[in-house]
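Heads up: the structure comes next, in structure tokens.
No experiment lies behind these values; they were computed from the predicted model shown. We use all heavy atoms of the structure for the numbers below, so side chains are in, but hydrogens, waters and symmetry mates are not. Positions are given from 1, in the same order as the sequence printed here.
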Amino acid sequence: MSILRDVENRMERLSNTLWGLLRRGGEEQVEVVDMLRRECEANAVIVGRGRTVVPNSFVLELTRDSYDRLAQEAGAVGERLASEVRRHAAERHFSFAGPVAVRLHPPRDGQEPRRYRLHSSITPRP
């Protein structure tokens, strides 16, 4: 039981760290999970009766400072977010073309986002 409790505590710390880094000033906490869900909804492709394919590959671009703080835990945070995407897809009966992955990245192209930027794509299994 203590192993499960330790894992749960670590995941809670990771979530709190992510939310704290993405929060801006006095604004309300950013709901990254909701943003990922909306991305699925907005980019859903109906491929047949009862089959809707949604993005499975996500890149969450963070500010340089936020990325530097999360770099050590980027894999665990990405997996936690991917788990939330899979849960949402199961509830909505969505399908994926390949495995779900959420990767955290520093700013690209020298253009730092104000808080974060999300990119998604439908990436087939290799």
To the nearest 0.5 Å, what is the distance between CZ on F94 and CD1 on I46?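 One finds 9.0 Å between CZ of F94 and CD1 of I46.
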Distance, nearest 0.5 Å, that separates OG of S57 from CZ of F96: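 Spacing of OG (S57) from CZ (F96) equals 11.5 Å.
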Just jot down the salt bridge (charged side-chain N to carboxylate O under 4.0 Å, His left out) partners of [X], sequence neighbours excluded, or say none.
X	result
R87	E84
E39	none
R108	none
R103	none

Do N43 and V54 have side chains that get closer than 4.5 Å, going by heavy atoms?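 The answer is no, as the side chains (C-beta and beyond) never meet within the 4.5 Å cut-off.
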So, do R92 and E41 sit near enough that their side-chain heavy atoms are less than 4.5 Å apart?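 SC-SC contact between R92 and E41 confirmed.
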Kindly work out whether a path of hydrophobic side-chain contacts (I/L/V/M/F/W/Y, heavy atoms less than 4.5 Å apart) joins [X] to [Y].
X	Y	result
I122	M35	no
V102	L118	yes
V77	V100	yes

Sidechain-backbone polar pair: N56 side chain, G98 backbone, donor-acceptor under 3.5 Å: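 Yes, the answer is positive, given that a donor and an acceptor are paired below the 3.5 Å cut-off.
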Which atoms form the tightest heavy-atom contact between Y67 and L104, and what is the distance?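 Between these two residues, the closest heavy atoms are CE1-O, 3.4 Å.
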For R38, what residues pass the side chain to side chain donor-acceptor pair (under 3.5 Å) criterion, not counting sequence neighbours?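 Scan of R38 (side chain to side chain donor-acceptor pair (under 3.5 Å), adjacent residues dropped) gives none.
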What salt bridge (charged side-chain N to carboxylate O under 4.0 Å, His left out) pairs are there with at least one residue in residues 52-63, not counting sequence neighbours?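 Applying salt bridge (charged side-chain N to carboxylate O under 4.0 Å, His left out) to every pair that reaches into residues 52-63, excluding sequence neighbours, yields E61-R117.
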